[in-house]
Amino acid sequence: MVFADNNWFDSLPASALVKQQDLLAHRIVPFSSATIGRRIKQNKFPSPIKLSDQITAFRVGDIRQWLDDPVGYGQTDREVD
């Protein structure tokens with residue numbers, strides 16, 4: 001599932017790092033900064049990497065994994081009856 005038609009994001013390698021402000025500005029994710037924070041705490045969105053005291057960034061590959069299955073992201077294996 002892709003929320004934006006964005007060649008910028010699609011052209012990045014999976015190992016690239018992007019700031020949250022870029023994810024929001026380019027409409028890669030469909031919600032606010034506060035919602036991203038809540039979802040990270042709930043393990044429903046990828047955690048950022050702390051690069052310095054003032055800079056955190058997300059791995060593009062992690063964001064793509066979330067985009068492929070935003071509802072199922074972070075869920076452990078489900079029990080099968």
Side-chain angles (χ1 to χ4, degrees):
M1 176 189 298
V2 176
F3 296 104
D5 179 22
N6 203 316
N7 291 332
W8 165 81
F9 186 77
D10 293 341
S11 69
L12 296 173
S15 60
L17 299 171
V18 295
K19 291 182 175 183
Q20 180 173 308
Q21 66 191 29
D22 293 325
L23 294 176
L24 297 171
H26 291 277
R27 304 192 76 199
I28 302 301
V29 295
F31 35 68
S32 70
S33 179
T35 300
I36 288 174
R38 281 192 300 275
R39 288 179 173 252
I40 290 168
K41 288 180 184 177
Q42 298 168 344
N43 197 33
K44 294 181 178 180
F45 194 80
S47 294
I49 299 165
K50 190 165 183 77
L51 300 174
S52 72
D53 289 340
Q54 298 179 348
I55 299 173
T56 59
F58 295 88
R59 282 189 185 97
V60 169
D62 293 344
I63 300 301
R64 286 183 181 142
Q65 184 180 10
W66 178 84
L67 288 168
D68 286 342
D69 186 13
V71 174
Y73 183 88
Q75 294 181 359
T76 58
D77 292 344
R78 298 179 188 153
E79 291 183 19
V80 178
D81 293 331

To the nearest 0.5 Å, tell me how far [X] [atom1] sits from [Y] [atom2].
| X | Y | atom1 | atom2 | value |
| --- | --- | --- | --- | --- |
| H26 | F9 | NE2 | CZ | 10.5 Å |
| D22 | I63 | CG | CD1 | 11.5 Å |
| L23 | Q21 | CG | CD | 9.5 Å |
| N43 | Y73 | CG | OH | 6.5 Å |
| I28 | D10 | CD1 | CG | 7.0 Å |

Close side-chain approach of [X] and [Y], heavy atoms under 4.5 Å:
| X | Y | answer |
| --- | --- | --- |
| R59 | I49 | yes |
| V29 | F58 | no |
| R64 | L12 | yes |
| T35 | F45 | no |

### Query
side-chain contact (heavy atoms from CB on, under 4.5 Å) with L17: which of V60, I55, L51, D62?
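Passing option: L51.
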### Query
For atom NZ of K41, is the number of surrounding heavy atoms from other residues, nucleotides or ligands below 6.0 Å larger than 12?
no
#### Entry: Step-by-step side-chain hydrogen bond (donor to acceptor under 3.5 Å, both in side chains) determination, Q20 to T56
CA-CA 8 Å; Q20 180 173 308; T56 59; over 6 Å; no
### Task
Would you name the heavy atoms of L24 and S32 that are closest together and state the gap between them?
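Closest pair (atom of L24, atom of S32, distance): CD2-C, 4.2 Å.
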